[in-house]
Amino acid sequence: MKTRMLCGLVLLASLASWSSADEDRTLTLHTRCRPAVDGDGSQFGLAYETVQWDATKTAIVICDMWNQHWCKSATARVAEMAPRMNRLVDEARRRGVLIIHAPSSTLDTYKDTPGRKLAEQAPKVEPKTPLQGWCRLDPEREKGGLPIDDSDGGCPCQPRCPGGNPWTSQIDTLTIAPGDAITDSAEAYYLMRQRGIENVIVMGVHTNMCVLGRPFGIRQMVNQGMRVLLVRDMTDTMYNPRMRPKVSHFRGTELVVEHIEKFWCPTITSADFLGGAAFHFKEDRRPHVVFLISEDEYHADETLAAFAQLLRDRSGDRCTVVLGHGKQDLSGVEALASADLAVVYVRRRAFPKEQLDVLREYLAAGKPLIGLRTASHAFSIKRDSPEGLDQWPEFDNDVLGGNYHGHGSNAVGTDVTVVSEAAGHPILAGVDTAAWHSEGSLYNVLPIDEKATVLLHGTAPDMADPIAWTRTYQGGRIFYTSLGYRTDFDQPQFRRLLINAVDWALDRQAPEQ
C-alpha cells in the first residue's frame with residue numbers, strides 16, 4: 001500500500017513537473033505592428049497582439065554586438081544595452097530557445113569553438129528565396145525608403161569618429177554558453193532549418209543597417225517565410241540628428257523601428273522575458289509619457305495608443321503604452337519609475353498591490369497625471385478584492401478630485417461647452433469655443449474639489465455636470481476629463497484639448513506646429 005502511494009506521489013510529481021516545463025517553454029509575447037489601413041499602403045494603423053510561441057521552435061539572433069565600433073557613441077550604447085540583453089538571453093536559453101551569436105567579420109576569434117562548429121556543421125538546405133550576403137532595401141515593399149538619412153554613416157559625434165573596422169569579437173558582456181551557435185552568414189538559416197525553427201527574434205545593432213540587411217537579418221528571415229520579431233528596446237540605430245529628419249538620435253531609432261513594424265515584422269520588448277519596464281538609454285532625456293490602459297468598453301487600446309503615436313510624431317516624446325493583461329494584471333506599470341507624466345484610462349480593475357503601489361509612489365512624488373473618462377472609477381470593482389489583488393476606490397476623490405456616481409444615456413450623448421471664465425487657460429488654447437457634441441454619456445461627478453478649475457461643462461437632458469477640470473495632488477498637476485469616448489478622438493477639439501493637457505501637465509511651451 002505504501003509502495004502504491006509512493007508511486008502515485010511520484011507520478012503526480014512527474015505530471016506536475018511536466019506541466020510546469022510545458023508551460024515554461026511557451027513564450028507569451030506582446031507584439032506591436034502597424035498594418036496598412038488603405039489600399040496603396042501609404043497609411044498605417046497601430047495594433048497590439050499577444051502571441052504564444054514554442055520556445056523550442058524559436059531562435060534568438062544577436063546581431064553585431066561588437067566589442068568596439070568605429071563610432072564611440074555607438075560603442076557606448078552597445079555596452080550600456082548589453083547587460084540587460086545578456087539577462088534576456090539567459091532567460092530565453094533556460095526556456096529552450098536556440099541562441100545564435102552573429103558578430104560579423106570576427107569569426108576567426110571563435111575558430112574551433114563548439115559554437116562555431118555547431119553552425120558550420122549545419123547541412124545546407126534549399127532556401128525559399130536566394131540567400132544574399134546583404135539584403136538591400138526593397139523599394140517596392142519599403143515605400144519611401146528609410147525614414148532617416150544615414151548617408152553620412154550615422155555618427156553623431158563631433159568631430160566625427162574615424163571610420164574603419166575595429167571590432168574583433170562580440171562584446172564580452174554577452175555569455176556564449178554551451179549549445180549556442182556562432183556565425184555571420186547563411187549558416188544561421190541552415191541551422192534553423194535543421195532544428196525545425198519556425199520563429200526568429202532579432203536583437204542587436206543597427207536597425208537601419210545590419211539588423212535589416214545581414215544574411216541572418218530581418219529582411220532575409222522574413223523572405224524565407226520565418227515568423228520574425230524585433231526586440232525594439234534591445235537595438236540602436238546609426239543616425240546623426242543633424243541629418244534628415246533632424247530629430248533626436250533616439251527618436252531616429254524609433255522611426256526605423258516604426259518602419260520595420262510597417263513593412264517587415266512586429267516588435268516586442270525585453271519586458272516579455274524579464275518583466276518590469278523596457279530598457280532605455282540613459283542619454284535619452286526626452287519627456288517620458290506612460291499610458292496605462294485597461295478597459296474593455298471604449299477601445300482605448302486603439303484610440304489612446306494612436307494618440308501616443310501622435311505625441312511621438314508631434315513632440316518627439318518617449319511614449320510607453322502599458323496595456324493591461326486581462327483584468328487583473330498591469331505588468332509594465334514599472335515604467336512609471338522614469339515617467340514625467342502618467343495618462344490613465346482604466347475601468348473597474350483590481351491589480352496586485354505591488355502594481356498599484358507603483359502608481360501610488362509616482363503620485364506621492366508630486367508628479368503629474370491625466371485621467372480620461374473611466375479613470376474616475378479605474379480601481380474600484382464594487383465588490384471585495386479577489387485574493388492577492390488590491391483596489392483604490394479613493395483614487396477618484398483623492399487624486400482626480402471627482403465624485404463619480406453614475407452616468408446618463410449614450411443614446412443622447414453630451415453637449416460640450418467651454419467655461420467662459422476659463423477661456424484663457426492654456427489647456428483651452430486653440431480649442432473651438434463653440435459648443436460641440438460627444439456621443440459619450442455625461443458622467444455624474446458632483447460635487448468635485450472646490451479648488452478645482454473647471455474648463456468644460458457638459459449637458460444632457462435633465463443633467464448638467466463639469467466634464468473637464470484641473471487641480472493639484474501632492475503638488476503635482478492633475479487634469480481629468482470624462483470625455484474620451486471612442487469617437488471623441490475623431491474630433492479635432494478633443495485632440496487639441498488632450499495635446500494641450502499634456503503640454504500643461506509637463507509644464508512646457510507648446511511646439512509651434
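For the single chain, residues carry numbers from 1 onward in sequence order.
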Asp296 atom CG: more than 12 heavy-atom contacts under 6.0 Å: yes
Residue among Leu341, Val321, Thr320 satisfying side chain to side chain contact (heavy atoms under 4.5 Å, CB included) with Val289: Leu341
All side chain to side chain donor-acceptor pair (under 3.5 Å) counterparts of Thr414, not counting sequence neighbours: none
Carboxylate-amine/guanidinium contact Arg312 Asp317, below 4.0 Å: no
Carboxylate-amine/guanidinium proximity below 4.0 Å for Asp488 and Arg495: no
Non-neighbouring partners of Asp272 that pass side chain to side chain donor-acceptor pair (under 3.5 Å), sequence neighbours left out: His30
Test: Asp90 and Arg93 ion pair at under 4.0 Å: yes
Donor on one side chain, acceptor on other, Gln391 and Asp384, under 3.5 Å: no
With sequence neighbours excluded, residues passing side chain to side chain donor-acceptor pair (under 3.5 Å) with Asp284: Arg286
Pair listing, side-chain hydrogen bond (donor to acceptor under 3.5 Å, both in side chains) test, anchored in residues 399-412, at least two apart: His407-Ser441, Asn410-Ser441
Residue pairs fulfilling side-chain hydrogen bond (donor to acceptor under 3.5 Å, both in side chains) with at least one residue in residues 455-468, sequence neighbours excluded: none
Test item: Glu302 side-chain N/O and Ala47 main-chain N/O as donor-acceptor pair under 3.5 Å: no
Residue pairs involving residues 283-316 (criterion ring pair (Phe, Tyr, Trp, His ring centres under 6.0 Å); sequence neighbours excluded): Tyr298-Tyr485
Modelled atom types, side-chain donor and acceptor of Thr207 and Thr235, under 3.5 Å: no
Exceeds 12 heavy-atom contacts within 6.0 angstrom, atom CG of Asp38: yes
Proximity of Tyr480 and Trp469 rings by center, below 6.0 Å: yes
Contact summary for Pro147 and Leu255, nearest pair of heavy atoms: CG-O, 3.4 Å
Donor on one side chain, acceptor on other, Asn86 and Thr173, under 3.5 Å: no
Sequence-distant partners of Pro266, side chain to side chain contact (heavy atoms under 4.5 Å, CB included), two or more places apart: Thr31, Cys33, Leu229
Shortest non-hydrogen contact between Leu88 and Leu274, atoms and distance: N-CD1, 3.8 Å
Euclidean distance, Leu304 CG relative to Ile293 CD1, rounded to 0.5 Å: 4.0 Å
Donor-acceptor contact below 3.5 Å, side chain Arg349 vs main chain Arg347: yes
Under 3.5 Å donor-acceptor, Asp149 side chain and Ser151 backbone: yes
Set of side chain to side chain contact (heavy atoms under 4.5 Å, CB included) partners for Gln52, sequence neighbours left out: Thr26, Thr28
Residues Arg360, Asp390: salt bridge by 4.0 Å N-O rule: yes
Test side chain to side chain donor-acceptor pair (under 3.5 Å) applied to His425 - qualifying residues, sequence neighbours left out: none
Inter- and intrachain pairs under ring pair (Phe, Tyr, Trp, His ring centres under 6.0 Å), touching residues 235-263, at least two apart: Phe44-Phe263, Phe250-Phe281, His259-Phe263
Nearest atoms (heavy-atom pairs only) where Gly153 meets Met238: O-CE, 3.3 Å
Side-chain donor/acceptor of Arg496 to backbone N/O of Gly430, under 3.5 Å: no
Exam field: side chain Lys367 to backbone Ala339, donor-acceptor pair closer than 3.5 Å: yes
Short N-O contact, Arg251 and Glu258, less than 4.0 angstrom: yes
Main-chain N/O of Gly401 paired with Asn397 side-chain donor or acceptor, under 3.5 Å: no
Set of salt bridge (Lys or Arg N to Asp or Glu O under 4.0 Å) partners for Arg84, sequence neighbours left out: none
Pairs involving residues 335-370, ordered by first then second residue, that meet ring pair (Phe, Tyr, Trp, His ring centres under 6.0 Å) (sequence neighbours left out): none
